[in-house]
Protein chains: 2
Amino acid sequence: MQTPTLRDVAEAAGVHAATASRALNPGTRGLVNAETAKRVIKVAESLGYRPNPIARGLKTAKSGTIGLVIPDLTNPLFPPIVRGIEEVLEPAGYGGLIVNTDNDPGRERTLIESLRSRQVEGLIVATALVEHPLLEQLARERVQMVMVNRRPGGIDVPSITPDDAAGIALAVEHLASLGHRRIAHLAGPTSTSTGVTRARAFRSAVHDLSLDVDPALVVECSQWTEDAGAEALRGLLDAGQRPTAVVAGNDLIALGCYDVFAERGISCPDDVSVVGFNDMPFLDKLRPPLTTVAIPHQQIGAEAARLLLDAIAEPDRPARSVLLPLSLVVRGSTAPPR
Amino acid sequence: MQTPTLRDVAEAAGVHAATASRALNPGTRGLVNAETAKRVIKVAESLGYRPNPIARGLKTAKSGTIGLVIPDLTNPLFPPIVRGIEEVLEPAGYGGLIVNTDNDPGRERTLIESLRSRQVEGLIVATALVEHPLLEQLARERVQMVMVNRRPGGIDVPSITPDDAAGIALAVEHLASLGHRRIAHLAGPTSTSTGVTRARAFRSAVHDLSLDVDPALVVECSQWTEDAGAEALRGLLDAGQRPTAVVAGNDLIALGCYDVFAERGISCPDDVSVVGFNDMPFLDKLRPPLTTVAIPHQQIGAEAARLLLDAIAEPDRPARSVLLPLSLVVRGSTAPPR
DNA sequence: GTGAAAGCGCTAACAC
DNA sequence: GTGTTAGCGCTTTCAC
């Protein structure tokens, strides 16, 4: 016999399929004679019965899957988040369907569409660049979702974000305590909320600590990449700026700085200190090891999944949002200015 | 109206649901009047109809999902493979369900079980450590699968593996051409087929090139990790061995060597050259940048997905297996011995 | 407490 | 060519 069906179990236990269903389902088990329930369960086990979630899903309009929308799994930022998510989803009986958008709004639309047609029960969205119309539409159609790493403007969607502002403040304070006063910021693209938040936090930290406030010291990178970071730093230096330290929008941008240092014979941390953001893997293997702001990625993922499961269970509960604290990992790329 | 159903479309187009189904389905579209088909399609579009794969799946016993069994998504080896897989799956209308086994046989069993109950149509298995009984059982039950990065002994399962032996030969030849004669190998665990294959390839390459053949120069690491690599190298050095170069079982193990070099004031590549295996991200940022054997991960994933889709389409075709060529990426961790 | 019957949305025989 | 009918495996009224 092929993988046994509920009816097989019912027959073997001498009950009706409906009764077997009730017995097997913890939620409805109470409706059934304890004896019968026990018997059915035993039979099911001995037959190696496994419920077919597809059939169940068809009936209950629940698929037991949720969609994970991320830009690019290959970006080391995301695997730990995904693991954190799975860690919570799995014991809850849910599975995660991952899509990579490459931050392409068109792909994003299509992929979310395809996830919805697969009847996912909710979405965890970790892309920085969801277009607003799409977001609003999803909210309107009451698609359960939670945003990771970004807070949705205006829309009532739960989100789980690292406390970027606090992280940047940590970085700036660290540099200031080392004696730096002229600190540059290579900001992420202002098209991303993260880029905006971090840049704003940078400006206010510099201001609060009474360091040199010079608009020319904040440069926007066109992307969150090594190349864009290198380009931005080159622009800064070519414009004659000589910061003694730079706070990079993220680790990749910081890596771009390393490239420029190599090109131009600048020594880090002797000539310039650098702080990254994210604490990607293997940063401790760099030369010099990169000082950076660490984000509890796995925890973020886990928290996001919990938020989503809650939202699915109680669709009408108002959106909670969580801000996770960050920490600074001091390594070799920061030192007092000379 | 909630998301429209096939019946809604059929009604709006003035045809029967079955006809609508035929019209919408490329495979059966030929059975329907071209005009009608066109009309139905138009109506479907205007209604924003999206087929419900769950319902379809219930009927056709196909879920449109396949299971990806990997040890740990957090290991940088896997994200590119997963992306390669998705790249092929997505246009084919399939989705991938990922599980992380942490190389725990128990978890592996349970997770594969849960994938099967989710009615996946096939499995892509990238764990090094599938227990044989499980594998055999799956094969017996005619679960379609393909193995990635390992060849199943004895069982007729398609596999897609990097040509490890050729890669190791590349590494050894490179070192030999630099003038090294006393080369060590920090092998991966012999409980993994990869570990065994690479160690064997190392021995035969050393032999073929008439280099120093000394069994003491091959050490097994207890795991594929940085720590295990460091430990193995310490053991080797403590035993008085002084190789001028080491071929590490993988990049992580090579990283462990870096740690030991730092501990003991050994200079790389001046005192010892090191070659890694895998070409993880950011290896070019290390000090020194690691010379390593590059594996076309994404391509492996894509190929694996193709193999699986083929197998699903033609279950009776004999298992094909693919061996992908590797290349050596020469960076700064290798130099002539001094 | 349990069975009967209906139906989730779709597709596949089988008629016509 | 198209409609009819049945049913995938399960859950859920509604009777009894």
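Computed from a prediction, not measured in an experiment: that's the story for all the values here. Per chain, numbering begins at 1; letters A, B, ... match sequence-line order.
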Test: [X] and [Y] ion pair at under 4.0 Å:
X        : Y        : result
B/Arg306 : B/Glu303 : yes
B/Glu90  : A/Arg107 : yes
B/Arg118 : B/Glu113 : no
B/Glu45  : B/Lys42  : no
A/Arg109 : A/Asp104 : no

Look at the side-chain N and O atoms of [X] and state whether any lies under 4.0 Å from the OP1 or OP2 oxygen of [N].
X       : N      : answer
A/Thr5  : D/dG9  : no
B/Ser21 : C/dT11 : yes
A/Thr36 : C/dG1  : no
B/Arg56 : C/dT11 : yes

Original post:
Within a reach of under 6.0 Å around CZ of B/Arg320, are more than 12 heavy atoms found that belong to other residues, nucleotides or ligands?
Top reply: yes

Subject >> The single option from A/Ile41, A/Leu24, A/Val43 passing side chain to side chain contact (heavy atoms under 4.5 Å, CB included) against A/Tyr49 >> reply: A/Leu24

**OP:** Pick base, sugar-phosphate or nothing for B/Pro53, based on heavy-atom distances below 4.0 Å to the nucleic acid.
**Re:** nothing

Tell me: [atom1] of [X] to [atom2] of [N], nearest whole Å?
X       : N      : atom1 : atom2 : answer
A/Lys62 : C/dG9  : NZ    : P     : 14 Å
B/His16 : C/dC16 : NE2   : P     : 15 Å
B/Lys59 : D/dC8  : NZ    : C1'   : 6 Å
A/Leu24 : D/dG9  : CG    : P     : 16 Å
B/Leu6  : D/dG3  : CG    : P     : 12 Å
B/Leu31 : C/dA15 : CG    : P     : 17 Å

Candidate nucleotides [options], ranked by approach to the side chain of [X] - the nearest:
X       : options               : value
A/Leu58 : C/dG1, D/dT2, C/dC8   : C/dC8
B/Asn52 : C/dA4, D/dT5, C/dG9   : C/dG9
B/Arg7  : D/dT11, C/dC10, D/dT2 : C/dC10

Subject >> Pairwise 5' ranking along DNA chain D for B/Ala55 and B/Thr19, keeping only the more 5' one >> reply: B/Thr19

**OP:** Between A/Ala17 and B/Ala37, just flag the one whose closest nucleotide in DNA chain D comes earlier from the 5' side.
**Re:** B/Ala37

Original post:
Can a donor-acceptor pair under 3.5 Å be found between the side-chain atoms of A/Arg22 and the base atoms of C/dG3?
Top reply: yes

Subject >> Estimated bend of the helix from C/dG1-D/dC16 to C/dC16-D/dG1 (axis per five terminal pairs, rounded to 10 degrees) >> reply: 40°

